[in-house]
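Sequential numbering from 1 along the given sequence is applied to the chain's residues. On a predicted model such as this, the values are computed, not experimentally measured, just so you know.
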Amino acid sequence: VSMAVSLESRVPLLDPDEPRYATAARNMAEGGSWLIPEFNGEPRINKPPLFYWLVASSQKIFGDSETSARLPSIFMGLLMLVMTVWAGVRIFGAATGYLAGLILCTSPLCLALSRGCVIDQTFSTLLAAALCCLLLGLTGRWFERGASSSFSAALRSPVFVAGVLAGLACMAKGPGALIVLVSPLVFLVLFRSGSRLQDLRQFLRDAPWALALAAFLVLAAWWYVALA
């Protein structure tokens with residue numbers, strides 16, 4: 001992390017995307033609208049504002065610089081690495097978890113996206129976190145706690161947490177996040193068999209889908225409703 005931060009201060013923002021995101025976020029930080037990002041006086045509504053909020057917050061805290069504009073992506077890259085290792089160790093064992101982390105942190109695309117002022121790393125990390133929640137739930141490795149009310153248990157369920165994370169991913173880059181999240185579940189339903197299919201059906205049957213969908217819609221749709 002320290003090496004990435006030190007290197008970013010020496011590299012100018014690269015055209016075409018980095019200057020646009022950084023400038024629109026700076027306009028927010030300097031008193032502009034936090035609902036509709038603007039660049040050169042023109043609204044940028046092709047993407048929701050979550051990433052702009054992260055960059056603008058970083059700029060307000062650390063000042064206007066190339067490094068502060070890229071800090072959200074650096075943080076998200078680190079979060080994805082930690083999450084990959086942790087989930088891999090919890091589900092498959094230490095060797096698989098650490099190997100997965102090594103593969104991820106030596107991936108050229110991951111290295112590039114986690115050091116740029118672009119949306120992709122934030123979007124990918126939130127989606128990966130949602131998928132990790134579902135995988136932990138499917139494999140029985142989700143956190144177990146004592147008895148509690150049904151509503152409290154639903155709020156702690158992997159499906160609800162995945163719904164929240166998917167909603168945040170939509171707030172970063174749009175509703176395409178839902179397709180990426182649902183596709184693996186469809187694949188599992190089609191290709192699992194025997195007792196594993198029964199376990200999957202039980203997981204899907206017990207999950208608080210209505211609550212998860214409500215959380216997703218609140219987070220994903222409110223900005224589009226506000227624009228309309």
Scan [range] for pairs that pass salt bridge (Lys or Arg N to Asp or Glu O under 4.0 Å), counting only residues two or more places apart or in two chains.
range	answer
residues 160-173	Asp120-Lys173
residues 211-228	none
residues 94-111	none

Indicate every side-chain donor-acceptor pair of residues 42-51 with a distance under 3.5 Å to a residue at least two apart or in another chain.
from: Arg44; atom 1: NE; to: Tyr52; atom 2: OH; distance (Å): 3.0
from: Arg44; atom 1: NH2; to: Tyr52; atom 2: OH; distance (Å): 3.4

Problem - Qualifying ring pair (Phe, Tyr, Trp, His ring centres under 6.0 Å) pairs, either residue in residues 208-228, two or more places apart - result: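 Not a single pair qualifies under ring pair (Phe, Tyr, Trp, His ring centres under 6.0 Å).
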
Problem - Remaining members of the apolar cluster that contains Leu79, side-chain heavy atoms under 4.5 Å - result: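 Leu79 clusters with Leu54, Phe75, Met76.
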
Handout entry: Members besides Leu13 in its Ile/Leu/Val/Met/Phe/Trp/Tyr cluster (side-chain heavy atoms under 4.5 Å)
Key =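 Result for Leu13 is none, singleton.
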
Just jot down the side-chain contact (heavy atoms from CB on, under 4.5 Å) partners of [X], sequence neighbours excluded, or say none.
X	result
Thr96	Phe92
Val85	Leu81, Val89, Tyr98
Ala56	Ala25, Met28, Ala29, Trp34
Ser124	Met80

Exercise for the section: Check whether Leu227 and Leu219 end up in the same hydrophobic cluster, where Ile, Leu, Val, Met, Phe, Trp and Tyr are linked by side-chain heavy atoms less than 4.5 Å apart. Expected result: yes

Practice task
Could you check if a side-chain atom of Thr67 sits within less than 4.5 angstrom of a side-chain atom of Phe62, using non-hydrogen atoms only?
Solution key: no

Exercise for the section: Could you tell me the separation between the CG atom of Leu78 and the CD1 atom of Ile74, rounded to the nearest 0.5 Å? Expected result: 10.0 Å

Exercise for the section: Would you please name every residue forming a salt bridge (charged side-chain N to carboxylate O under 4.0 Å, His left out) with Asp64, sequence neighbours left out? Expected result: Arg26

Handout entry: Closest heavy-atom pair and its distance - Leu155, Phe160
Key = O-CD2, 3.1 Å

